[in-house]
Amino acid sequence: MSNNSEKKTETNVQSPQNEEAQIPLAELLKIRRDKIKRLREQGVNPYPYRYERTHYIANALADFDRLSESETTISLAGRIMAKRKMGKSIFADLRDSTGKVQVYVKLNAVGQEAFDLFDSLDLGDIIGCDGTLFVTRMGENTLAITRFELLSKALHPLPDKHSGLKDLETRYRRRYADLIVNPEVREVFRTRSKIIQAIRDFLNNHGFLEVETPILQPLYGGGNAKPFSTHHEKLDMPMYLRIADELYLKRLIIGGYDKVWEFCKDFRNEGMDRLHNPEFSMIELYWAYADYRDMGAMFEEMLRKVVLKVHGTYSIPYGDHQIDFEPPFKWASMIDSIKDETGIDMLDMSHEEAKSAANQLGITDKDKLFNWGKCVEAVWEAKVEHTLIQPTFVCDFPVEISPLAKRHRDNPRLTERFELFVAAQETCNAFSELNDPVDQLQRFMQQGKALEAGDEEAQPLDDDFITALSYGMPPTAGLGFGVDRLVMLLTNQHSIRDVLFFPQMKDYKEGTIPVSKMLSHLIDQEDE
RNA sequence: GGGGGUGUAGCUCAGUGGUAGAGCACCUGCCUUUUAAGCAGGGUGUCGAAGGUUCGAUCCCUUCCACCCUCACCA
């Protein structure tokens, strides 16, 4: 066994030159590497330091008539995305962060040396160019170059200029390449930024203080999830990456701030799929002296403003649906909406009655039916959830499934809690927060038992948090929502990976030779 | 974790039990307002990895890896 593998290694080691010489990418890299060497010999620095540009492309085009009539010399900088040579003149497409423009180089306008340099440029190279704007015979607004400069030589070829980069794995692993060639991807992330900015503006304008709390924590909590564990060397203690912000933000409410919020990067050591990345973003906010109804009204207003700011309309597409964010959103209690869908009123049922009601609807999984609240949830999920396409506040969840929410003031079986559903997906989770330290301690103890029993997602007892609560926390409404999921909804993206620049990927890829290895081999050859 | 699918050139994709194909990109020519520029020539490949079947495997079989979809749990 070990003999075999050693033999294989030997043969691999013996023929690396031959093997790599046969790799076409290495060949392409070598061609460009040779170009760089030639440039340096001519005294051209392929990686200079700065370029003084006068216009972004979009601005230059917006002011085209004036700039072209006055023959103003302007300076643009960007990446070459296409090149068309026509004998002694060359056209190229130059792109910067704002747009694209055609540039034009003519032999007798720039001289032989500069013309040859431009001729040798590759797609992907970054240049700066000075010139004047004019319209070609074919009617295209174009920059006639009077002078240009190579600003950065690209070694790696760009993906296909027409079909772009489609392979999902490559797009996620090499997001920069995806962004270079796929404009719609650039747009999704611009929208993401806009959404977050709109939320930040809204909260700051409503008197919420943006705060920061620890990501690296001695104890995790505020949700049910398995954490990432690490270790602090000097303190010699275990540490965790946070799974939620809740407990720290509540400490700030106790400390006397009335309205706080945080943009939180959270980490959960769980499975990954279309809706889950191990690292994700949440926004949590806490509002003292308010209850969950106040919070619902504010969240509705926030969403309304964000949608309008980002899309300019309340009606946006998502998958097969057209979602209308025109307020007011519908409120439907869990119990009532079950009644509406099935005719069954579960409010005053015993556990046994609820279970048989669920059974009659075809729900038999015992784990989902082990108390009244779970039965209500199971029936609701089976019969109601998928119908909630338009924005709907689902409220008043059973107490058994809402361990962090205050009991409902009108019915102790329920809690003051809501989730907003859009396109049958949960968009936020909010409650009138539990502020009775004894009640909180008891719920921690229950979680502790679950933890001991092997539930890796149960919350450990946080003594310090109980201490904090015992100083007295005002009545408070709290709300949290997944930023990535909201961005998915507002940009019509199917997967969380399409709204994260760098989604988590397994880092092993068999059979691929890294560019760095090809390059070091190239350098070795040059040294010989 | 269960089920289904994909993996061939830098990119997008065809294809076959018997020496591997196209378009774009790239290289060499020609062309001074082109524009998915055009014309002529050039293929640069561990057909995801490792085994197996076979005279012969990129193709068939097994295992593995990565990615996608889907179901169950979580935001």
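To find a chain, count down the sequence lines: A is the first, B the second, and so on, and within it residues start at 1. All values reported here derive from a predicted model rather than from experimental measurement.
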P atoms of B:rU54 and B:rA72, separation to the nearest Å: 45 Å
Between A:Asp178 and A:Tyr172, a side-chain donor and acceptor under 3.5 Å: no
P gap between B:rA37 and B:rC26, integer Å: 11 Å
Member of A:Arg32, A:Lys30, A:Arg38 meeting the salt bridge (Lys or Arg N to Asp or Glu O under 4.0 Å) criterion with A:Asp34: A:Lys30
Side-chain donor-acceptor pair present, A:Tyr292, A:Asp396, cut-off under 3.5 Å: yes
Close approaches to RNA chain B from residues 421-431 of chain A, in residue order (heavy atom, under 4.0 Å): A:Glu426
Parallel, tilted or perpendicular: rings of A:Phe267 and A:Phe228 (30°, 60°): perpendicular
Distance in angstrom units between A:Arg274 CZ and B:rU70 P, rounded: 6 Å
Test item: side-chain donor near acceptor, A:Arg417 and A:Ser402, under 3.5 Å: yes
Sugar-phosphate, base or nothing in reach of A:Leu168, heavy atoms under 4.0 Å: sugar-phosphate
Check: A:Gln493 side chain, A:Thr491 main-chain N or O, donor-acceptor pair, under 3.5 Å: yes
Dot-bracket notation for RNA chain B, counting Watson-Crick and G-U pairs under 3.5 Å, with | for partners on another strand: (((((((..((((....[..)))).(((((.......))))).....(((((..]....))))))))))))....
B:rC61 and B:rC68, which share atom name C1', separated by this distance in whole Å: 25 Å
Parallel, tilted or perpendicular, as decided by the 30° and 60° cut-offs, for the rings of A:Phe189 and A:Phe501: parallel
Whole-Å gap separating P (B:rU6) and CZ (A:Arg171): 21 Å
Base B:rC73 to side chain A:Asp273, donor-acceptor N/O within 3.5 Å cut-off: yes
Phosphate OP1/OP2 of B:rC69: any A:Arg497 side-chain N/O under 4.0 Å: yes
Interatomic distance where CG belongs to A:Asp167 and C1' belongs to B:rA9 [whole Å]: 14 Å
Distance between C1' atoms of B:rA14 and B:rU6 (Å, rounded): 16 Å
Integer angstrom distance from the C1' of B:rG43 to that of B:rC27: 11 Å
Donor + acceptor pair across side chains of A:Glu284, A:Tyr286 (<3.5 Å): yes
Length of the CG-C1' vector between A:Leu29 and B:rG10, whole Å: 9 Å
Worked check of side chain to side chain donor-acceptor pair (under 3.5 Å) between A:Arg84 and A:Gln102: CA-CA 10 Å; A:Arg84 298 174 287 280; A:Gln102 176 169 264; 2.6 Å; yes
Sugar-phosphate only, base, or nothing, as touched by A:Gly164 at under 4.0 Å among non-hydrogen atoms: sugar-phosphate
Euclidean distance, atom OH of residue A:Tyr220 to atom P of B:rC74 [Å, nearest integer]: 16 Å
Rounded P spacing from B:rG7 to B:rC47 in Å: 14 Å
Sugar-phosphate, base or nothing in reach of A:Lys368, heavy atoms under 4.0 Å: sugar-phosphate
RNA chain B: 5'-proximal contact among A:Ser495 and A:Gly271 (nearest heavy atom): A:Ser495
Nearest-Å distance once atom C1' is located in both B:rC65 and B:rG23: 30 Å
Nearest-Å distance for atom pair OH/P, residues A:Tyr172 and B:rG7: 18 Å
Rounded P spacing from B:rA50 to B:rU46 in Å: 12 Å
Residue met sooner reading RNA chain B from 5', once A:Arg174 and A:Arg32 are mapped to nucleotides: A:Arg174
Side-chain donor/acceptor of A:Asp462 to backbone N/O of A:Phe465, under 3.5 Å: yes
Check: A:Gln525/A:Arg33 side-chain N/O donor and acceptor closer than 3.5 Å: no
OP1 or OP2 of B:rU12 under 4.0 Å from side-chain N/O of A:Lys166: no
Polar side-chain atom of A:Gln217 near backbone of A:Pro214 as donor-acceptor pair, under 3.5 Å: yes
Reading 5' to 3' through nucleotides 27-36 of chain B, protein heavy-atom contacts under 4.0 Å coded B for base, S for sugar-phosphate only, - for none: S---BBBBBB
Separation of B:rG10 P from A:Ile513 CD1 (nearest whole Å): 10 Å
Atom-pair distance (CG on A:Leu275; P on B:rA72), nearest Å: 12 Å
Exercise: do A:His276 and A:Asp273 side chains pair donor with acceptor under 3.5 Å: yes
Side chains of A:Glu419 and A:Thr427, donor plus acceptor under 3.5 Å: no
Sugar-phosphate only, base, or nothing, as touched by A:Asn277 at under 4.0 Å among non-hydrogen atoms: base
